[in-house]
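Have a look at the structure below before the remarks.
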Amino acid sequence: MNRIDADNKDLYAIADLAKEFGISTRAIRFYESKGLIAPERVGATRVFRRRDRARLILILRGKRLGFSLRDISDYLSLYDADRNQQVNLLAEKVDERIALLERQRDDLETTISELREIKNLADQRVQKAS
DNA sequence: CTTCTTACA
DNA sequence: TGTAAGAA
């Protein structure tokens, strides 16, 4: 929609991507500073191609799933290198993530149970008092 | 008006 | 990451 040039179907300005993905231009520049993306430059202005856009999508998905920019960075770095190693890393990180979430879920359930016990005891005492 | 960099919160 | 400031 807001391509830089109607002829070149895969050039985007930073504002276009920011709007499309609902993030700030600052965030995009931040990801670049962390090495997650490396858009071309026309002078000092960043020019994003489909490749950058695709990586941005992966970055946002990774964040949504709770991965750190570091993890995402490591994963993305392998895109230009060992595609196999990239898959292995992904599997490893996903397992770690799932393990962590399951532990947190267990902790939450334990906490909820304890709170319910306290709640029950409190309710009983209220009954006797009244 | 848009983007860039840099610095500070 | 947001915001601000000054340059391009």
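Only heavy atoms go into these numbers, but all of them, side chains included; no hydrogens, no water, no symmetry mates.
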Quiz item: Does one side chain, of A:Arg29 or A:Ser33, offer a donor that lies under 3.5 Å from an acceptor on the other?
Solution: no

Practice problem: Considering only NZ, NE, NH1 and NH2 on the basic side and carboxylate oxygens on the acidic side, decide whether A:Asp107 and A:Arg103 come within less than 4.0 Å. | Solution: no

Self-check item: Span of DNA chain B, from the first to the last nucleotide whose atoms fall under 4.0 Å of chain A heavy atoms
Solution: B:dT3 to B:dA7

Quiz prompt | Atom pair CZ/CG of A:Phe21 and A:Asp16 - distance to nearest 0.5 Å | solution = 10.5 Å

Practice problem: Could you list the residues that satisfy side-chain hydrogen bond (donor to acceptor under 3.5 Å, both in side chains) with A:Glu92, not counting sequence neighbours? | Solution: none

Practice problem: May I ask you to check if A:Arg83 and A:Tyr79 form a cation-pi contact, with NZ or CZ under 6.0 angstrom from the six-membered ring centre and within 45° of the axis? | Solution: yes

Exercise. Could you point out which residue of A:Val87, A:Leu89, A:Leu90 forms a side chain to side chain contact (heavy atoms under 4.5 Å, CB included) with A:Leu78?
Key: A:Leu89

Exercise. For nucleotides 2-8 of chain C, just jot down a letter per nucleotide in 5' to 3' order: B, S or -, based on protein non-hydrogen atoms under 4.0 Å.
Key: BB-----

Exercise. Given salt bridge (Lys or Arg N to Asp or Glu O under 4.0 Å), test A:Arg70 with A:Asp74 step by step and report yes or no.
Key: CA-CA 6 Å; A:Arg70 188 54 199 287; A:Asp74 294 335; 3.5 Å; yes

Exercise. Using a heavy-atom cut-off of under 4.0 Å over every strand shown, decide if A:Lys34 touches base, sugar-phosphate, or nothing.
Key: nothing

Quiz item: Is there side-chain contact between A:Ile28 and A:Ile23, with heavy atoms separated by less than 4.5 Å?
Solution: yes

